[in-house]
Amino acid sequence: MATALDRLRGRDPRFEDALDRARDVLVGFAPPAAAGAESGDAGFVTFELDAAAAGFGRGEAESAFATPGGAMVEAIVRSTLRPSFYMARDRILSAREGVSEAARQLMEGMDLDFDDRDLFEAQRGLVESRALGAGRLNLFNGFREFAGTGWLVDEGIAVTNRHVAELFARRWMGEDWDFQDGQFDRRIEVRLNPLEQIDTPDDPTRAAFVTGILWVAGPGEPDMAFLKVHAPGAEPIPLATGQPEAETPVAVVGYPERDPRDNPRHLIVSFFGDRFGVKRCAPGRVMRADAWTLEHDASTLGGNSGSVVLATATGEALGLHFAGAAQERNVAVPAETVAAALRRLRTSLAMPALSTGSTGAEPEASRADDLADREGFDRTFLGVETALPGLGRWQDDLAPVAGGGTELRYCHFSVWQSASRRLPLMTAVNIDGNHLRRIPRTGRWRLDGRLDRAHQAGNELYRSNPLDKGHMVRRLDPCWAEDMADEDTILKAQADTFHYTNSVPQHADLNQRDWVGLEDYILDAAGEYDFRVNVLTGPVFRDDDRHLRDQEGAEDIAIPREFWKVAVMRRAACGTLSATGYVLSHGEMIRGLTEAEFVLGAYETYQVPLALIETATELDFGALKQADPMAVPDAREAAFGRQVLRVRGPGDLTLAAVTPR
């Protein structure tokens, strides 16, 4: 089936001329100010057409519904009986009676007639309750206002299209998905807001925070993506089982955007009115369904990507809408395919939070015997000893380890646990950059059987809140072996990082992408250090750290607000050490050393003198401070930000002292 661009190409042998004419039409249709085809009220802009043309020039194959530029085609299939109703205050406005004056004016001139009205009115309450789980994916710091539609498919999980997620997600280090950089060098933040409706006041408590990208389908796979969300109190939309019959009445809930691609303008005005980017419910029917696709005839436009296709009679999700062809069909990923991908996601991540509810069961604990062969952090890994910090006031607070001592030894790293805070005080890991293996993420969070249960926090700390399990030793850091084929050691190291003793709660607002990539920055900049690094990491414990409210089993755990790292390397040529310090901070730790620009802003990563970390943590870094290239004889010399450096990449690091000229 040809897309709009393919038909243009067939209409005129001089394809470039045809594209130019199409571009002129689109520019005249929409105001010039704007973002993308699924954002704001400015309509389709021509950069997607340009990208599509470039794709044709490269000879790329065209899918049935997508331009090579990635813009999915949405469609009005029938010219009668297929309106797209506004929603206001969570109600579907399928008639003009009983609506506000503002809503009535917006509905003026719209054709509200449709078939299946009796069934629709009988099931209105059910459809409206299911629609609560669907929201607009709003982007903050992005280059467009919103990306499309998403909906809750399980507790803590929303589903949308791959091509929607790719507007704000990217692969990090070729493996894990994370948020893209947006405007002002800030990470794009995403909210799933169900209240983007006409005549409806905003309620921030109902906007779900998108805290992570769990999975994005690859090329050739169904157009799906799963997002990790914090949506307390919101109910997931149940997935239907089995294939629906043709003519099954449906209701498509989403956020259509102004979209001239192939759709007749008079039908857009008749079915959609003149307000876009707000919540709609569009009635229709199933055209056909099989194991691969579900086709329907409800009216959609760009922005409906990611909409839920509900069975009007049952309120179950029949599919995930992703594309269409004008005057022909709209297409969705069937619910059974979504369910299968969701099962695979649960299996691959093995995270208790992905279940349909918390069982309250005690988390699994690793057995002491299973960890008996772990050697832990090697203090002579660099060829000279790395002296660990003195523990100062924390010396008597360390949790005792079965078998003696206070060091929890794992594969290539060690942890020292605070008994009073039930969190790691400090971790230390050896990283061999020459022998690292970037393996797929697998692991199940466990308690450590060598510690008293009272001295560690399990999943009770992360249940029903937006806190993430923040690895202190990053999952990939210990995944190395002298023999690169030694998969047992590498897999053992990864599994060890999934102990709760290696986890500190981090709020979703933290700029974790920069933080977890810091070791990569250091390795990228560390060629002259033979790519071997020791990294010490921990939280900053303060007496005024706040506790969680109404978090059964975790009321006594205070949540740290900032984190620190120290990277120790040895220069291969001369054997001298370099010890550099970093903090993940919103400005509290470095207030007084910086200009106002840095103070109490968004969380960012900074390189700072070790002496500053020492003061904040009450640890004693001893001789390591002498190897710090940012060390100054007088703290007053660090004023005005000269000794506080924002880190955004390897080029921002200071790994060696600068010799004065």
Side-chain angles (χ1 to χ4, degrees), residues 365-392 394-419 421-432 435-436 443 445-452 455-457 469-482 489-504 518-519 522 532-539 541 563-570 577 579 581 613 617 619-622 624:
S366 57
R367 298 187 309 160
D369 290 347
D370 293 337
L371 299 172
D373 65 337
R374 305 303 198 266
E375 297 181 354
F377 176 73
D378 180 0
R379 291 155 175 78
T380 63
F381 180 67
L382 301 179
V384 294
E385 183 171 357
T386 296
L388 294 172
L391 299 176
W394 302 103
Q395 182 66 53
D396 296 331
D397 184 56
L398 295 182
V401 176
T406 57
E407 181 178 350
L408 285 164
R409 292 181 173 86
Y410 299 102
C411 186
H412 299 322
F413 71 97
S414 294
V415 174
W416 290 263
Q417 183 87 345
S418 166
R421 299 293 293 257
R422 298 173 62 187
L423 298 172
L425 171 71
M426 181 178 68
T427 66
V429 60
N430 306 125
I431 307 174
D432 187 338
H435 295 92
L436 274 176
W445 287 95
R446 296 173 293 170
L447 298 169
D448 192 315
R450 297 173 296 180
L451 283 189
D452 190 303
H455 293 157
Q456 50 188 321
K469 301 179 182 74
H471 278 77
M472 290 293 94
V473 171
R474 190 177 59 154
R475 176 183 66 87
L476 292 173
D477 285 350
C479 293
W480 58 269
E482 293 290 345
T489 296
I490 293 168
L491 292 174
K492 182 190 301 182
Q494 175 180 235
D496 283 359
T497 67
F498 282 92
H499 282 87
Y500 283 107
T501 49
N502 185 43
S503 173
V504 174
L518 182 58
E519 288 91 334
I522 294 168
R532 282 197 162 201
V533 186
N534 289 335
V535 176
L536 317 178
T537 307
F541 289 150
F563 300 86
W564 60 271
K565 286 185 189 289
V566 172
V568 185
M569 295 175 287
R570 179 172 179 261
L577 287 181
I613 299 175
T617 61
L619 300 172
D620 181 1
F621 286 91
L624 285 180

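Residue numbers start at 1 and run along the sequence shown.
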Item to check | Mutual orientation of the aromatic rings belonging to Trp480 and Phe381 [parallel < 30°, tilted 30-60°, perpendicular > 60°] | outcome: tilted

Checklist entry - Side chains of Phe621 and Ile613: closer than 4.5 Å at any heavy-atom pair? => result yes

Next on the checklist: I'd like to check Thr617 versus Trp394 (side-chain heavy atoms, cut-off strictly below 4.5 Å). Are they in contact?
Outcome noted: no

Checklist entry - Yes or no on side chain to side chain donor-acceptor pair (under 3.5 Å) for Ser414 and Glu407, after CA distance, side-chain angles and deciding distance? => result CA-CA 6 Å; Ser414 294; Glu407 181 178 350; 2.6 Å; yes

Checklist entry - Can you name the one residue among Ile431, Asn502, Asp496 that meets side chain to side chain contact (heavy atoms under 4.5 Å, CB included) with Val473? => result Asn502

Checklist entry - Are side-chain heavy atoms of Leu382 and Leu577 found at a separation under 4.5 Å? => result yes

Checklist entry - Do Leu619 and Trp564 come close enough that some side-chain heavy atom pair is under 4.5 Å? => result yes

Checklist entry - Any ion pair linking Asp448 and Arg450 (charged N to carboxylate O, less than 4.0 Å)? => result yes

Checklist entry - Is the shortest heavy-atom distance from the side chain of Arg570 to the side chain of Thr386 under 4.5 Å? => result no

Checklist entry - Considering only heavy atoms from C-beta outward, does the side chain of Cys479 approach that of Ile490 to under 4.5 Å? => result yes

Checklist outcome for this item: In short, Arg446 meets Ala495 closest at the heavy-atom pair NH2-O, 3.5 Å

Next on the checklist: Minimum heavy-atom separation for Asp620 and Gly622, please, with both atom names.
Outcome noted: OD1-N, 2.9 Å

Checklist entry - Thr537 versus His471: any side-chain heavy-atom pair under 4.5 Å? => result no

Next on the checklist: Using every non-hydrogen atom in the two residues, find where Pro539 and Pro424 come nearest and quote the distance to one decimal.
Outcome noted: CD-O, 3.2 Å

Checklist entry - Taking C-beta and beyond as the side chain, do Pro478 and Tyr410 meet within less than 4.5 Å on heavy atoms? => result no

